[in-house]
Participant: 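Once you've had a glance at the structure underneath, I'll fire off some questions.
Bear in mind the structure is a predicted one, so any value in this text is a computation, not a measurement.
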Amino acid sequence: MKKLLYKTLREVLCLGAVGMSLVASSAGAQSQNASATGLPPLIDREIIFGNPEIAAAQISPNGQYVAFVKPWKDTRNIYVKGVSEPFSAARLLTTETKRPVAGYFWTRDSKYILYVKDNAGDENFNVYAVDPSAKPAAGADAPPSRDLTGVKGARVMIYEVPKSDPDVIYIGLNDRDKAWHDLYKLQISTGEKTLIRKNTERITGWHFDLTGQLRLPTRNAENGDTEILRVDADKFTQIYSCSVFETCNPVRFDRDGKHVYMETNKSADVNLISLVLLDPETGNTELVESDPRKKVDFGGAMFSEATDALVGTSYYYDREKQYFKDKGFEADYQWLQSQLPGKEISMGSRTRDEQVWLVTAYSDTEPGETVLFNRKARTLTPQYRIRENLARESLAQMKPVQYKSSDGLEIPAYLTLPKGIAAKNLPVLMIPHGGPWGRDVWGYNALAQFFANRGYAVLMPNFRGSTGYGKKFLDAGNREWGAKMQDDITWGVKYLIAEGIADPKRVGILGGSYGGYATLAGVAFTPDVYAAAVDIVGPSNLITLLNAIPPYWESIRTMFISAWAIREHRKARRC
């Protein structure tokens, strides 16, 4: 392989005549580079990639507290404060020093905060509880946390947090069978676990109605199909199914208790995922909504926590679009947009009566501005900005673009161009996303901003096999790893060259997971295209990857095999 592949990004993709290196050694160098090139001052990588000062805030259901994540001894931990207190008055609740808290949430009665953590990255997560009103013991930095699940070598899954009993959550444990999770009822106050169902039938999910009754398991068939089952007195009864190349997934039970909202694209003549109501007694479905523009999959549903009604749906085009079923929610959303113009609005957590929301507004040049929204008073109280020290004025805009691939398929992508210089003959980074069953979206992206700030154009393609654009686009990636999926990325380079944006001799590729595979495939099959590559945990051998995946991935093993159909690679493609 070419010697260039062993050079670093700094060595190969340096800006040459522009006179800017990847890393500036001092503030003086930053100012000099910005002045010489028209680029904004260099943003230190720690400001972009380091721990945010405050993040992930959630208001308690009773509206009395705000919990959030903040570094403690350089590791992200949970803090809590009174809703009217300043963040400087917050109290530390957890004391993790090896790995950041992976996620947390309030119990429905606001008595506890539950969080998950593993052991030094082994991905065997347990569930912990901490009382936000408790005080630390003498000499301790935080109140004690209780390990509610207490299992070793097993991974806990959280399935349901029922409204009917705030002292209960339903969890899955794979301590009996590493591949499949048994269903348990967990009492939060005592840590008592009660086995509800052994998982001997390849069950991948357990779905409850609004009264906390188990109603619908989902099963992964041996051939990879998804089956939705009804819980009867002495058995499971299949009521709906879809193939390994289709989607059918229960979302939430309707408040009538007789139907469940489900997303599905079942049937050969159906392309886009829609939202339907499924009758568990008959297996019949009724269409609720599909994309009004007939372009993309159903994106998501929002329900009122106070009334359990469906209040809105969302779809992701170039940017997210909300469609409301509730006039009150719609009026509030429109008012928030008027107060926070040009930004996407994330409604975030809400109080139990839904009168107070924590709202975050974000954009391509705004990582997130969080405010407290009082619906009745129509007031916004600023809380914090994510990465407060990040110079927003130095950030670059992200632009949705489209281009044709090798077979004419239109590929949607996001292009970030450096601010302050002409978009001509620039060094370029291609950043394919992981998955591959995922997608990139519009908004603040740390990698894109880091490299744009240093003079690079960044293209993030949603190649075939990406989600959200319909079944045909998704399945066009089947059996095309290293082939047409790779073309979609290569033809992105061609597009930038044709537009005059890219310097053909200074194109790099960087990605993680599937993006890492695409990085390796890019330099292996099209070595003349890329001057440098950075593979982040990408698989280099699909067979060894299949053999190495953890047991609890068993339910998606068939999907991988079906999509890959391991075969001899095609002849390397060249630009």
Participant: Would you say NZ of K258 has more than 12 non-hydrogen atoms from neighbouring residues, nucleotides or ligands within 6.0 angstrom?
Facilitator: no
Participant: Taking the basic N atoms (NZ, or NE/NH1/NH2) and the acidic carboxylate oxygens, is any pair closer than 4.0 Å for E289 and K325?
Facilitator: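 Here E289 pairs with K325 in a salt bridge, since their nearest N and O are under 4.0 Å apart.
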Participant: Mark yes or no for whether E85, through its side chain, and G82, through its backbone, hold a donor-acceptor pair below 3.5 Å.
Facilitator: yes
Participant: Assess the residue pair D232 and T237 against the criterion (side chain to side chain donor-acceptor pair (under 3.5 Å)); give the C-alpha distance rounded to whole Å, side-chain angles, the decisive distance to 0.1 Å, and a yes or no.
Facilitator: CA-CA 7 Å; D232 291 329; T237 302; 2.5 Å; yes
Participant: Would you please indicate yes or no on a ring centroid separation below 6.0 angstrom for H207 and Y159?
Facilitator: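 When the ring centroids of Y159 and H207 are compared, they turn out to be at least 6.0 Å apart.
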Participant: Could you tell me if Y469 and N462 have a donor-acceptor pair between their side chains, going purely by distance under 3.5 Å?
Facilitator: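 Side-chain D/A pair, N462 to Y469: present.
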Participant: Main chain of T519, side chain of D535: is a donor-acceptor contact present, judged purely on distance under 3.5 Å?
Facilitator: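 Looks like no, no N/O pair under 3.5 Å.
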Participant: Compute the centroid of each ring, for Y362 and then for W442, and state whether the two points are separated by less than 6.0 Å.
Facilitator: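 No: the rings miss the under 6.0 Å criterion.
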Participant: Among side-chain atoms of N51 and R76, is any donor-acceptor pair under 3.5 angstrom?
Facilitator: yes
Participant: For G257, is there any backbone N or O sitting under 3.5 Å from a side-chain donor or acceptor partner on D209?
Facilitator: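 Not confirmed, D209 side chain does not pair with G257 backbone.
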Participant: Under a plain distance cut-off of 3.5 Å, with no hydrogens placed, do N174 and R155 share a side-chain donor-acceptor pair?
Facilitator: no
Participant: With a 3.5 Å cut-off and no angle check, do the side chains of E227 and T218 form a donor-acceptor pair?
Facilitator: no
Participant: What orientation do W481 and Y514 show, parallel under 30°, tilted 30 to 60°, or perpendicular over 60°?
Facilitator: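 W481 vs Y514 ring planes: perpendicular.
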Participant: So does K472 get a backbone contact from the side chain of N271, meaning a donor-acceptor N/O pair under 3.5 Å?
Facilitator: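 Side chain of N271 to backbone of K472: a pair is present.
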Participant: Of L183, V156, D182, which meets side-chain contact (heavy atoms from CB on, under 4.5 Å) against I171?
Facilitator: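 The passing option is V156.
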Participant: When rounded to the nearest 0.5 angstrom, what is the spacing between OG1 in T94 and NZ in K70?
Facilitator: 12.5 Å
Participant: For Q486 and A483, indicate whether the former's side chain and the latter's backbone hold a donor-acceptor pair under 3.5 Å.
Facilitator: no
Participant: If we count only N and O atoms by modelled type, under 3.5 Å, do the side chains of S164 and T211 hold a donor and an acceptor together?
Facilitator: no
Participant: E286 versus H259: any side-chain heavy-atom pair under 4.5 Å?
Facilitator: no
Participant: Indicate the ring-plane relationship of Y65 and W106, choosing parallel, tilted or perpendicular according to the 30° and 60° boundaries.
Facilitator: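 Ring orientation of Y65 relative to W106: parallel.
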Participant: Main chain of N119, side chain of D122: is a donor-acceptor contact present, judged purely on distance under 3.5 Å?
Facilitator: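 Present.
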Participant: Would you say the side-chain atoms of Q58 pair up with the backbone N or O of Y104, donor to acceptor, closer than 3.5 Å?
Facilitator: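 Such a contact is found between Q58 side chain and Y104 backbone.
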Participant: Would a line drawn from the ring center of Y261 to the ring center of F253 be shorter than 6.0 Å?
Facilitator: no
Participant: Distance-only, no hydrogens or angles: does the S349 side chain make a donor-acceptor pair with backbone N or O of L358 under 3.5 Å?
Facilitator: no
Participant: Check whether the side chains of Y315 and Q322 place a donor and an acceptor atom closer than 3.5 Å, and report yes or no.
Facilitator: no
Participant: Give a yes or no on whether the backbone of N284 and the side-chain of D279 come within a donor-acceptor separation of less than 3.5 Å.
Facilitator: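 Checked: no pair found.
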Participant: Taking T75's backbone N and O only, do any of them form a donor-acceptor pair with N77's side chain (distance below 3.5 Å, no angle check)?
Facilitator: yes
